[in-house]
Each structure stands twice: as structure tokens, then as C-alpha cells.
Protein chains: 2
Amino acid sequence: MIDSKEARAEVVRAADALFYQRGIQAVGMDAVRNAAGISLKRLYSLFPSKDALLVEVLNGRIVEWDEGVLRASSSATTPRAKLLAIYDFLDGWFRQDDFRGCAFINSFGELGAVSPDVAEIARGQKLAFQHYVASLVKELGGSPVLAAQLAILAEGAQTTAAISGRPEAAFHARAAAEVLIANELAP
Amino acid sequence: MIDSKEARAEVVRAADALFYQRGIQAVGMDAVRNAAGISLKRLYSLFPSKDALLVEVLNGRIVEWDEGVLRASSSATTPRAKLLAIYDFLDGWFRQDDFRGCAFINSFGELGAVSPDVAEIARGQKLAFQHYVASLVKELGGSPVLAAQLAILAEGAQTTAAISGRPEAAFHARAAAEVLIANELAP
DNA sequence: TTGCATTGAGAACGGTCGTTCTCTATAGTA
DNA sequence: TACTATAGAGAACGACCGTTCTCAATGCAA
């Protein structure tokens, strides 16, 4: 393993999968090392600590989320369709068999009270999503309250799908979003 | 400390506050012992393990939640008002300065993947809440989908308020619920 | 009082985890 | 070939945590 950029990416990939699947504190650095197939020394030469690795993992999840939402809305042309595409994106995600809820909600629940970094990253991610929704709602001519409501539906769908283990929450959230949007846009 | 029922309650109270405030794995049994003011030996004579104590704590939270929701809706007379009272209850909760999100969502995120007990309790609590909402919606003449949507709004409000640290999510969710209810009940 | 059971306080144990260190093998250079 | 620097593999370290154990103090029965 010569290219350290490649090695970093592999470590982040392995750690992301393990942290998401089992929780962060339940995964030791040994498990990350084994999954990434490198030595502990190399692991610690790439990341100074588990906390630093976690930050990298969560930042990677931010990128993944943004790309996923944008990809889902890329075929939509109207702001309304782009907004509804969010729930279609959620639907596809919920149906993946390794789905275990929102990594930011999970890590906030596990470490938010004890790690300012984790709390800050989770808060930032949620805020960015709210801003994205708000920009589309504004294009649509809707109110900031509607934007907040559509974001709340997306958050609720994620926790509901995660804990119940059933993906229909995305469907329900989408239908509710349609009603809320129609309600504001009707004369 | 002679009355062991009283002692159990005190331990559960102390553990609940610590687990909720800092996370479960971040709190050692020593901290619980200190907060409860009893010896380790007595603590382990009351609860066989930390896991068993956690189960007791979460079951206590179920009772608290049920009582809180029922109390909030007790002054309401119509099913619609009882449903909206849920969001008023959330609003009051979000404004408490020790609010740190839903204990079930948090513990599911932290331990759900690794502890079947925790996952099961969280799932059960969410399901019971959905049933409660569904029964009111049925009284109201609404559909099961509306019930699911109202529950999703409540869940989303909880995570949004927890991570953003701002309580307005309850108000937004309530307003959205009014719209969704009106939409189904309109001719 | 004497003996016995119970309890409190916390030391001790075994295991795990994050992190560092040792030791060896290898590759590059002169 | 001899020397040096690097890196892999994992043992080792120190801290912590859940749980158990020791031991002295206490309360009670006779």
C-alpha cells in the first residue's frame, strides 16, 4: 500500500461501514485495522486518533448525502419535483438491507453529549439540509415554515424507518409533503 | 437504606439522568453508584447488570412518555384536539433545558445494533405511540396513512429539536398536522 | 457479651480499548 | 556487501469499565 491517499480512503470506507453497522464505541481500532487490511502503525500514521478518523468518516457521509440528494433531484425540473425527489431518495435508501438510520442522528445520540466535534458535525449537516430544502421552497414561492415542515418530515421518516425497520415512512412523508405544498400554493 | 423498592427507584432515577445526559456507554457503574449514593454491592444486588438497569431505565421512560402524552391530552375533548396536544407536549419538553432528544432514538442509535433488548424496547415504544395516534385518528375518521404521517411529524420534531437545539420544531410539526388533518377531513 | 448474618466501602480482577513501542524484514544507496 | 531508513506485524502499555471479592463495621439473637 504505497499511495497514502488511497490508503486513507480505504480506512475511511472500512471505518464508515463498521461504525454505521455496529455503532462507534462498539468498534475498536483493531477491527478497523483488520477491515482496512493495514497495520496499526500505518493506521495511526494516517489518522492521529479514532476521533479524527470519525470526523473524516462523518464528513464523507456529508458528501455522500449531498450527492445522493442532488442525484435524485437531477432528473426533476421543477422545484416541487426536486423537493419530492428527496423522499424518493429516502425510499431507496431505506430499502437497502444495511440501512440502519441516519448516521448523524445515530452518532449524535451516541456521542453528541460527550463530543463537541460530533455534535457540531451533526448540527451542521442538518442545517445544510434545511437550507437546501428552504432554497427549493423559496423558488417554489413557499414559506420558511413550509421548508421547516418538509425537513421535519424527512427527519421523522429516517428515524421511523430505522427503528421500525420498515421503509414505508418515506412514502408517507412524501404524501404528506405533497399535501403541505399544495396547501400553501392553493389560493 | 432499608426499603429496597425505594432504593431501586433512586438508582433508576440516577441512572436515567446520567444515561440521558451523557450517553449510556459514557456512564460507568461507579458514576451511577455515586449519584445514587449506595455501594456497588448494593447496586448489584438490586440489578444484576448494567444491561438490566438500562432496561429498567428505558421502561421507566416509556411510562413517563405515556403519562406525559395522556396528561397533555386530558384537557382536550375532541380527538383532533388530543392529537394536537401531542405537539404541545413536545413543545414543553423541548423547552426544558436538559432536553437532549428522545431517549429511545438516542439509545437505539448507540446500542440498537449491538443490543437486541435496546432495539426491541425502542421499537416497542415507537410502535405503541403509533398505535395511540392511530386510535385517535380512527376516532376522527382519518386514514391509517394520516396516522403514520402525524407520528412521523412527531419523530422528526424530536430529532430536529435535539440536534438543532431549538424548540420551534414542535410548533412547525403541529401546524403541519393541522393541515394534514384538515386535508383528510375536508369534503 | 458472644456469635452470626448482613452491609457498606472500595480494592481487586479480568477484559477491552486506544495508543505506542519493539523487532524484524525489506528496499534503496554507495 | 554494508549501512540506513522505512514499514509491517502485533506485543505491550496504561487507562478504564463491568463485575466480584475482601474485610471490617453493624445489628440482632440468645
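Chain naming here is simple, since letters A, B, ... match the order of the sequence lines and numbering starts at 1 in each.
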Once each nucleotide of nucleotides 9-20 of chain D is scored for protein heavy atoms under 4.0 Å, what B/S/- sequence comes out, 5' to 3'? BBB------SBB

Sequence neighbours excluded, which residues qualify as side chain to side chain contact (heavy atoms under 4.5 Å, CB included) partners of A:D66? A:I62

Mind checking what makes ring-ring contact (aromatic ring centres under 6.0 Å, His included) contact with B:F47, not counting sequence neighbours? none

At under 4.0 Å, does any side-chain N or O of A:R42 touch on OP1 or OP2 of D:dG8? yes

Could you list all the side-chain hydrogen bond (donor to acceptor under 3.5 Å, both in side chains) pairs where at least one residue sits in residues 67-78 of chain B, not counting sequence neighbours? B:S73-B:Y132

Interatomic distance, A:L18 CG vs C:dC17 P [rounded to whole Å]: 12 Å

Pairs satisfying ring pair (Phe, Tyr, Trp, His ring centres under 6.0 Å), at least one member in residues 94-125 of chain B, at least two apart: B:W93-B:F99, B:F94-B:F99

Under 3.5 Å, sequence neighbours excluded: what are the donor-acceptor pairs made by side chains of residues 15-37 of chain B?
unit_1	atom_1	unit_2	atom_2	d
B:D16	OD1	B:R61	NH2	2.8
B:D16	OD2	B:R61	NE	2.8
B:Y20	OH	B:R100	N	2.5
B:Y20	OH	B:G101	N	3.2
B:Y20	OH	B:G101	O	2.7
B:Q25	NE2	B:E110	OE2	3.1
B:N34	ND2	B:D30	O	3.4

